[in-house]
*Asks:* 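My questions all concern the structure below.
Heavy atoms only: backbone and side chains are in, while hydrogens, waters and symmetry mates are out. Counting convention: from 1, in listed order, for ligands and their atoms alike.
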Amino acid sequence: MFAQLGSTFGSLFIVWTMFQRYFPLHLQAYIDQYLRRLVKAFDPYIHIKFYEYSSDRFRRSEAYVAIENYLSSKSTEQAKRLKGDSVKQGKSLVLGMDNEEEVLDEFQGVKLFWSKLETHNRSTTISYYPTSGKMYYKLSFLNCYRESVTKSYLNYVLEEGKAIGARNRQKKLYTNNPNDDRSYHNTRWSHVVFEHPATFDTLAMDPKKKEEIIDDLVTFRESKGYYARIGKAWKRGYLLYGPPGTGKSTMIAAIANFLNYDIYDLELTAVKDNTDLRKLLIETSSKSMIVIEDIDCSLALTGQRKKAKPKEEENKAEIVCPIKEKADKENEGKSSSSSKDDSKTSKVTLSGLLNFIDGIWSASGGERLIIFTTNYVEKLDEALIRRGRMDKHIELSYCDFEGFKVLAKNYLRIDSHPLFEKIRSLLEETKITPADVAENLMPKTTKGEAAESCLENLIQALLKTAKEEAMKKKKAEEEEKALKEKEKSDGKIEEEKQQPETNSILKSDKEDAETSLSNSIEVIK
Ligand SMILES: Nc1ncnc2c1ncn2[C@@H]1O[C@H](COP(=O)(O)OP(=O)(O)OP(=O)(O)O)[C@@H](O)[C@H]1O
Ligand SMILES: [Mg+2]
């Protein structure tokens, strides 16, 4: 029987090869089509495919991700080949099905077959990056259950998958790749797991202000319907400003932990142009924060600087300049060399950035916070920070007594101490950043320094700062006094110089009057 079967297959193979070789191509296509129809007519199953990336390849399909989450628990029980991934700060491991595995599911008595497959790439080009086909999940079920599957089962899978995803969600910290570096899958963002421990509890600031910010965040998170009703994109802009070391970056981490959002830390100097900026925006997911730190350094806002620049460089962003005046000076010197390096310079413009924040593209995704931080709020262009773009302006300032109490509780685990009163009065007179306070409160030895010695350290630091401040003030006053005196003496010299002139003017006037008087007397005579 085997011999007969073997010869039959052999002859069939020869016939098939001859058919492929000698039969006209268009006829082959016809036969192929009819064969498929024949198979379909006898196939009692319906198949639905869910691709990982839709045709635009911008972002992973939400349905695919939800299905992946939904099937993860089922595949752990059924599939033989699994893939592992860690979630939730690496505390647990989630298993998912590997390629070409199958999983059986049951819903209201209906049996459903899920399989994970990959389309094979037929491209003949040789690529530097690992090329892979399109991944997809295929769902197969009997034709008679078409209605119940498409109407209720798929919705159930999506909702369950989303809920599982939210439970296993790990916050991520993304950064944009330099414009000529495209990593795996051609993505513009690289990410790591976000594990910053800052929370609002550990943040030293005025409790009322803190409460207000928390309320604002909660209102935003729960206002999906409200934003839809008023016809506004579901996003909100925050501007954090204040001197260095006052907790701007710490607050960003605290917000991310509070809302459980991903952070997209956008490095503007690595963005090629406005189009690139837009593409970066589209690739961000919802429930995220887009952060641009030290906005005054990343982008020299060009409104006031046009005159100083050659025409072709107008409206371009230039890099690394903490203060505008300084940047202007530097640019004067650098203009020739920077034009050589033009291809590497970011061409993001102010209008590009404004569009990024509230243009029509910014509405895609929804539920997004856009946060800018700066040390010099007064240097920023008004258009950039007007309400509507940056809806909430938050000032983070020097440490006050309330802030100190939070830090003392965090660092030393104390709520009160006899030295607190002295610290309170010193804090009222001195400008010290929370970063400096925190540094002084940190025990310097592993043996567990007593709280009192840390507080003493802080008092010493406060006294030192107060002394420095007083000296600075005195110096400034002296300078001002000297300036005033100089102005005064300059004024006197000027007066003295002008005196002879006025005297001569008066003299000539007197002479003129006398001659005109004698003339008129003669006329009368
Ligand atoms: N308000 C604060 N509450 C708690 N800790 C703070 C606060 N401000 C500063 N710190 C501490 O000081 C360090 C520096 O703070 P942070 O990086 O947030 O300052 P920043 O305002 O972002 O400064 P820069 O403007 O230089 O970026 C943090 O690691 C944190 O430990
Ligand atoms: Mg910072």
*Asks:* What protein heavy atom is closest to atom 31 (O) of ligand 1, reported as residue, atom name and distance in Å?
*Replies:*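 That would be Y411 OH, 3.8 Å.
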
*Asks:* Would you mind listing which atoms of ligand 1 come within a distance below 4.0 Å of any non-hydrogen atom of T202?
*Replies:*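 Reading through ligand 1 atom by atom, the close ones are 3 (N), 4 (C).
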
*Asks:* For atom 5 (N) of ligand 1, what's the nearest protein heavy atom and its distance?
*Replies:*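 The protein heavy atom lying closest is L407 CD2, 4.0 Å.
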
*Asks:* A quick test of your reading: do over 12 heavy atoms of other residues, nucleotides or ligands sit less than 6.0 Å from NZ of K224?
*Replies:*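 No, the 6.0 Å shell around NZ holds no more than 12 heavy atoms from other groups.
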
*Asks:* Closer than 2.8 Å to the Mg ion (ligand 2), do we get an N, O or S atom from T250, backbone or side chain?
*Replies:*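 No.
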
*Asks:* Nearest to atom 22 (O) of ligand 1, what protein heavy atom do you find, and at what distance?
*Replies:*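 Of every protein heavy atom, S249 OG, 2.8 Å lies nearest to atom 22 (O) of ligand 1.
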
*Asks:* Distance to 0.1 Å, residue and atom name: give those for the protein heavy atom nearest to atom 3 (N) of ligand 1.
*Replies:*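 Checking every protein heavy atom, the shortest distance to atom 3 (N) of ligand 1 gives A204 N, 2.7 Å.
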
*Asks:* Could you check atom 23 (O) of ligand 1 against the protein and tell me its nearest heavy-atom contact, residue, atom and distance included?
*Replies:*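 Ranking protein heavy atoms by distance from atom 23 (O) of ligand 1, first comes G245 N, 2.9 Å.
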
*Asks:* Which of the atoms of ligand 1 are close to P434, meaning less than 4.0 Å from one of its heavy atoms?
*Replies:*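 By the 4.0 Å cutoff, the relevant atoms are 1 (N), 2 (C), 7 (C), 8 (N), 9 (C).
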
*Asks:* What protein heavy atom is closest to atom 21 (O) of ligand 1, reported as residue, atom name and distance in Å?
*Replies:*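 The protein heavy atom lying closest is K248 NZ, 2.8 Å.
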
*Asks:* Could you tell me whether E293 and ligand 1 have an N or O pair separated by under 3.5 Å?
*Replies:*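 Checking ligand 1 against E293, no N or O pair falls under 3.5 Å apart.
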
*Asks:* Can you name the atoms of ligand 1, numbered from 1 with element, that are less than 4.0 Å from a heavy atom of P244?
*Replies:*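 Ligand 1 atoms under the 4.0 Å threshold to P244: 23 (O), 24 (P), 25 (O), 26 (O).
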
*Asks:* Holding to side chain to side chain contact (heavy atoms under 4.5 Å, CB included), I want the full list of residues that pass it with E211, two or more places apart in sequence or in another chain.
*Replies:*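 So E211 forms a side chain to side chain contact (heavy atoms under 4.5 Å, CB included) with D215.
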
*Asks:* I need the nearest protein heavy-atom contact for atom 18 (O) of ligand 1: residue, atom name and distance, please.
*Replies:*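 Here the nearest protein heavy atom works out to T250 OG1, 2.5 Å.
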
*Asks:* So which heavy atom in the protein is nearest atom 14 (C) of ligand 1, and how far is it from that ligand atom?
*Replies:*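 So the nearest neighbour among protein heavy atoms is A435 CB, 4.1 Å.
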
